[in-house]
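Here is the naming used below: chain letters follow the sequence lines, and residue numbers restart at 1 for every chain.
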Amino acid sequence: MTRLPDSFYQRDVLEVAPELLGKRIVHNISKPQQEYMITEVEAYRGEEDLACHASKGRTKRTEIMYHQGGFVYVYLIYGMYWMMNIVTGDKGNPQAVLIRGVKGISGPGRLGKVLQLDKSYYGEHLVTSPRIWLATADDCPDYRVTPRINIDSAGVPWINKPWRYILNNI
DNA sequence: GGCACGATGTGA
DNA sequence: CACATCGTGCCG
C-alpha cells in the first residue's frame with residue numbers, strides 16, 4: 001500500500017470522492033500505526049454549493065479549501081466534534097470531501113475522536129505529513145449514492161445533489 | 001464586543 | 001426529543 005500522490009487529489013471533487021472509498025487513512029502517531037478503511041464520504045463543491053463552507057467566501061476558516069488538493073481541512077462542530085475533510089481540485093477552486101465513516105466506526109464525530117483531531121491538523125499536507133496520509137487499496141469498491149446529510153439549510157438544489165457516497169457490503 | 005447557530009452524537 | 005459546548009461569521 002503506497003501513499004496517494006498529489007495528482008490523486010488534484011481533480012474535481014466529484015471524481016475524487018467516490019475513489020476515496022476503500023482507501024486507507026494511515027495514522028502514525030503511535031506504534032503500531034493505525035489504518036482505517038474509508039466507507040462513507042460526502043463531496044462539497046465550490047462557492048456556489050450552498051452546503052459548502054466556502055459558500056461564505058474566503059475566510060480564515062475556509063482558506064485551506066482554496067489551495068490545491070491534498071491538504072486536510074478540519075473544523076469543530078457543535079463545540080465538540082472535529083470533522084475530517086480532504087481538500088481536492090485546483091488552486092482557487094474550493095472543494096473538499098468530508099470523511100463520514102471508516103470501517104468499524106460510523107459518524108464523522110467519532111472518526112475525529114479516534115484520530116484525535118484538533119486544530120493542529122488544519123492544513124496538514126497528506127502527501128508529506130509524517131503523521132497522517134492516505135494509502136492505496138487493491139479493492140474495487142462497489143458503492144451507492146444518496147443526498148448529503150444535515151444540510152437542509154442549503155436549500156434546493158443542493159440538498160438533492162447525490163453527493164454522499166457509501167461503500168456497499170461493508 | 002456580542003450573539004446565534006452548526007457537514008453531531010448521546011442518552012432519556 | 002433535549003442538550004452538551006465553542007469557533008465562526010455576521011452585525012454593530
Whole angstrom is fine here: how far is it from [atom1] in [X] over to [atom2] in [N]?
X: A/Ile151; N: B/dC5; atom1: CD1; atom2: C1'; result: 17 Å
X: A/Ile64; N: C/dG7; atom1: CD1; atom2: P; result: 19 Å
X: A/Gln95; N: B/dA7; atom1: CD; atom2: P; result: 18 Å
X: A/Ile86; N: B/dA7; atom1: CD1; atom2: P; result: 18 Å
X: A/Ile77; N: C/dA4; atom1: CD1; atom2: C1'; result: 13 Å
X: A/Tyr75; N: C/dT5; atom1: OH; atom2: C1'; result: 16 Å
X: A/Met84; N: B/dT8; atom1: CE; atom2: C1'; result: 17 Å
X: A/Arg61; N: C/dC6; atom1: CZ; atom2: C1'; result: 11 Å

_Is the distance between the ring centroids of A/Phe71 and A/Tyr73 under 6.0 Å?_
no
_Could you check, using the six-membered ring where one of them is a Trp, whether A/His53 and A/Tyr44 have ring centers closer than 6.0 angstrom?_
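No - the distance between ring centres of A/His53 and A/Tyr44 does not fall below the 6.0 Å cut-off.
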Can you figure out which of [options] approaches the side chain of [X] most closely?
X: A/Arg110; options: B/dT10, C/dG9, C/dG7; result: B/dT10
X: A/Met83; options: B/dT8, C/dC6, C/dT8; result: B/dT8
X: A/Lys56; options: C/dT8, C/dC10, C/dT5; result: C/dC10

*Should C/dT5 form a Watson-Crick or G-U wobble pair with both distances under 3.5 Å, which nucleotide is its partner?*
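WC or wobble partner does not exist here.
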*In the structure shown, which nucleotide is the Watson-Crick or G-U wobble counterpart of B/dA7, with both distances under 3.5 Å?*
none
*Using the aromatic ring of A/Tyr78 (for Trp, its six-membered ring), decide whether it stacks on the base of B/dG9 within the limits of 5.5 Å and 30°.*
no
Does [N] have its OP1 or OP2 closer than 4.0 Å to a side-chain nitrogen or oxygen of [X]?
X: A/Lys119; N: C/dC6; value: no
X: A/Asn150; N: B/dT8; value: yes
X: A/His53; N: B/dA7; value: yes
X: A/Arg100; N: B/dT8; value: yes

*Establish, yes or no, whether the cationic atom of A/Arg131 lies under 6.0 Å from the six-membered ring centre of A/Tyr121 and within 45° of the ring axis.*
yes
Look at all strands and tell whether [X] reaches a base, only sugar-phosphate, or nothing, counting heavy atoms closer than 4.0 Å.
X: A/Gly79; result: base
X: A/Arg148; result: nothing
X: A/Leu98; result: base

_On a heavy-atom basis, which atom in A/Ile64 and which in A/Val72 lie closest, and how many Å separate them?_
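Taking every non-hydrogen atom into account, CG1-O, 3.9 Å.
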*Can you find a side-chain donor-acceptor pair between A/Arg144 and A/Asn168 that sits under 3.5 Å?*
yes
_Can you tell whether the side chains of A/Arg11 and A/Glu19 come within less than 4.0 Å, N to carboxylate O?_
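Looking at A/Arg11 and A/Glu19, the cut-off is met.
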